[in-house]
Structures are given as C-alpha cells and as structure tokens.
Amino acid sequence: MAYWLFKSEPSSFSLEDLMARAAPEPWSGVRNYQARNFMRAMRVGDLGFFYHSSCATPAIVGEVEVVRPYYPDTTALDPEDHHYDPRALANPELWSMVDVAFRERYARPVTLARLKDCPPLSGMRLLARGNRLSILPVTEEEWRIIRGLASVA
DNA sequence: GCCAACGTTGGC
DNA sequence: GCCAACGTTGGC
C-alpha cells in the first residue's frame, strides 16, 4: 500500500466534481514523464490526497482511492482534447492514467500554509522548491501526520 | 499579473 | 550532448 498526492486546479476539476461522479474517474491528461511513472507505480487500493492548486487557498481537501491500475490515456488520441498528443498515435502506451474513486472530503482542509508551518512535513515533495509535478508520492508518516491535521480518525 | 522554477524542444 | 529559448506551473 502506497500513498500519493493528486494535484488539480479546482476551476477545472475539483474534489466536489469527483464526489458528483457516479463511477470512478480516469485521472487523465498527465503529460509529464515523472508524474506518469508515479501513476504506473500505483496499485489498486493505494490512497491519495486530493490537492487543490492555483486557487485562492491551495489545500489538501480530501482523499481518493486508486481503483484501477494504469492503462493508456485515450485523451492523448483525441484531436479535440486539450491534452492531445499526436505522438501517441504511433505509441498509444506513451501516456497513462489510473482510475480514482472518491474516499473522503475533509471538513477542514489542510491548507498549504498549514503544511508549511508543520516542521515534521518540511521534507514533503509538495513543499520542495519549484515543485510542479501533478502527481507526487507521499510517505506513510506524512500521510498519518496530515490526516491528523485534518482531524480524521 | 508577476515571477521563479522547471521540463521540453530544437539547433548546432 | 550541450544549452538557449520557450511554454507551463503555481504561489503570491
């Protein structure tokens, strides 16, 4: 069992959007090799934080669960899609996605400011200088500490 | 809107 | 293989 962090701009896809879905949601559109490789390392049952970025109050707002291991990201094949990548036409395995299901929405999101104020979390990749990856690994200790900050049992 | 940091691209 | 230019990300 591993832990991850999924980053999304709430203006395009929020945790509330995920909650409204009846079925698990493909986490599509990732076009960064490191982030792709993290998805390829995911296994069913892995858990992840849902992080809202590029918004008024960046924060971890809840949790998701990986419910399907990686498979080809078909949005790369769609010329109408914003994440279309013609290189995938000859290589459909180029980009990957996993399916995630909603797990929990925190009554009190753990804001980026709060994460920064928590010394035990100073090593978090999310807090690293210049971090831009949309998928990040989270250690078991970080997972436990952050759930504590969110007052989740 | 600004700017720093980063990944990717492409010329050489 | 180097490296400058460019586009993107994301906090502020």
Quick one: Leu115(A) CG to dC12(C) C1', roughly how many Å, whole number? 16 Å

To the side chain of Glu9(A), which of dG11(C), dG7(B), dG10(C) is closest? dG10(C)

Counting just side-chain N and O atoms, does Lys7(A) come under 4.0 Å of either OP1 or OP2 of dG11(C)? no

Report the C-alpha separation of Arg36(A) and Ser96(A) in whole Å, then their side-chain angles, then the decisive distance to 0.1 Å, and conclude whether the side-chain hydrogen bond (donor to acceptor under 3.5 Å, both in side chains) test is met. CA-CA 6 Å; Arg36(A) 180 202 67 177; Ser96(A) 303; 5.2 Å; no

Pair Arg147(A) + Glu104(A): basic N to acidic O under 4.0 Å: yes

In this structure, how many angstroms lie between the C1' atom of dT8(B) and the CZ atom of Arg31(A), rounded? 15 Å

Could you check how far CG of Leu5(A) sits from P of dG10(C), rounded to whole Å? 11 Å

Option from Leu126(A), Ile135(A), Ile60(A) for which side-chain contact (heavy atoms from CB on, under 4.5 Å) with Lys7(A) holds: Leu126(A)

Among the nucleotides dG11(C), dG7(B), dT9(B), which one has an atom lying closest to any side-chain atom of Arg87(A)? dT9(B)

Can you figure out which of dT8(B), dG10(C), dC12(C) approaches the side chain of Tyr33(A) most closely? dT8(B)

Side chain of Arg129(A) - closest among dA5(B), dG11(C), dG7(B): dA5(B)

I want to know whether Trp4(A) and Phe49(A) have ring centres closer than 6.0 Å. no

Identified side-chain hydrogen bond (donor to acceptor under 3.5 Å, both in side chains) counterpart of Trp95(A) within the set Asp73(A), Thr75(A), Asp85(A), Asn32(A): Asp85(A)

Can you measure Asp85(A) atom CG to dT9(B) atom C1' for me and round it to whole angstrom units? 13 Å

Rounded distance in Å - NE2 (His83(A)) to P (dT9(C)): 8 Å

Within this structure, what is the CG-to-P distance between Asp117(A) and dG11(C), rounded to whole angstrom? 15 Å

Out of dA5(B), dG7(B), dG10(C), which has the shortest distance to the side chain of Ser54(A)? dG10(C)

Distance check needed: dG7(B) C1' versus Asn131(A) CG, whole Å only. 13 Å

Rounded off to whole Å, could you give me the CG-to-P distance for the Asn32(A) and dT8(C) pair? 14 Å

Please determine whether a side-chain nitrogen or oxygen atom of Tyr51(A) lies at a distance below 4.0 Å from atom OP1 or OP2 of dT9(C). no

